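Report on one structure; see the data block that follows.
Treat the numbers as computed from the prediction; the structure is a model and nothing was measured. For the single chain, residues carry numbers from 1 onward in sequence order.
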Amino acid sequence: MLILRLTLCLFPLLPLLASPVVAAPPERGTTVDLSADASRPAINDLLRATMFAEATGATPAEAASTTNSLIADALKTARAYGNVRTQSGAIHTYPVHAKGGRIDGWRMRAELLLESSDPAALPELLGKLQSTLGVSALVIVPKAETRQQAENEALIAALGAFRARAQLIADAMSKPYRIRHLAISTSGRTPTGPLMRAAAAADPGPLPVEAGETLVTATASGQIEFAP
């Protein structure tokens, strides 16, 4: 009977022993959102130009014959510049309408893409080709490695500015802090040259180009937390 009484006495305690222990949530401290920017210049050392040949004919074949001849001559001239890369661009053929909607002829436009990191070669070539081709776009940007170096420098500076700003707030609050979240982004505007038509002169000379710089900006934004 003694053993039986002990068992009966322990039985009501089993649900209490099996109940999970719920821990109190940790006390949150004060959080602050902040961001910091830093910029570094990247030299524009890569030139990209889009040139075009355009001709009109009574038939699509006639328009294509003239346009193809102009592009072929341009490629022949460009091959003399070993440090200029060439690539065929878009080709468009469309009808020319007379009054009343009647098709009066055909026009064809073909593009030639040029790229070079030589600051003198491509402007010189563009000057020669402008006697027969037009320039529809000129973009001057940093090379990939040049931009990457500027981004790295801006990134380090932005992180340093973020830490300095966080420490400034921590000193004002007289409390230590920790970084809860941090995001990093970079940006940089690419300058674009004006649109130009083909020059009338037989050899207008090198195309005036001012490379300049692209300002690359890095932003460090996040959240810091102070002890409660």
CG (Leu159) with more than 12 external heavy atoms under 6.0 Å: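 Counting other residues, nucleotides and ligands, CG of Leu159 exceeds 12 neighbours.
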For a quick test of reading the model, state the closest non-hydrogen atom pair linking [X] to [Y] and the distance between them.
| X | Y | result |
| --- | --- | --- |
| Ala49 | Leu138 | CB-CD1, 4.0 Å |
| Ala42 | Pro142 | CB-CG, 3.8 Å |
| Ala38 | Ala158 | CB-N, 3.5 Å |
| Ser136 | Arg109 | CB-NH2, 3.6 Å |
| His97 | Gly101 | ND1-O, 3.2 Å |

Does [Y] offer a backbone N or O that forms a donor-acceptor pair with the side chain of [X] under 3.5 Å?
| X | Y | answer |
| --- | --- | --- |
| Thr67 | Ala53 | no |
| Ser116 | Asn83 | yes |
| Arg107 | Glu54 | no |
| Ser131 | Lys128 | yes |
| Glu225 | Gly29 | yes |

Is there a path of hydrophobic side-chain contacts, each under 4.5 Å between heavy atoms, that joins [X] and [Y]?
| X | Y | answer |
| --- | --- | --- |
| Leu70 | Tyr81 | yes |
| Ile91 | Met51 | no |
| Ile179 | Ile156 | no |
| Leu133 | Met108 | no |
| Val96 | Phe52 | no |

Just wondering, do [Y] and [X] contact through their side chains at under 4.5 Å, heavy atoms?
| X | Y | result |
| --- | --- | --- |
| Leu47 | Leu126 | no |
| Ile169 | Phe226 | yes |
| Leu75 | Thr86 | yes |
| Thr219 | Ser187 | no |
| Leu113 | Arg48 | no |
| Phe162 | Ile184 | no |
| Thr77 | Leu125 | yes |
| Val216 | Glu153 | no |

Can you tell me how far [atom2] of [Y] sits from [atom1] of [X], rounded to the nearest 0.5 angstrom?
| X | Y | atom1 | atom2 | value |
| --- | --- | --- | --- | --- |
| Asp73 | Asn68 | CG | CG | 11.0 Å |
| Asp37 | Ser221 | CG | OG | 9.0 Å |
| Tyr177 | Thr31 | OH | OG1 | 15.0 Å |
| Gln223 | His181 | CD | NE2 | 8.0 Å |
| Leu114 | Gln87 | CG | CD | 10.0 Å |
| Thr146 | Glu151 | OG1 | CD | 11.5 Å |

Asp45 side chain to Ser117 side chain, donor-acceptor N/O pair below 3.5 angstrom: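 No donor-acceptor contact under 3.5 Å links the two side chains.
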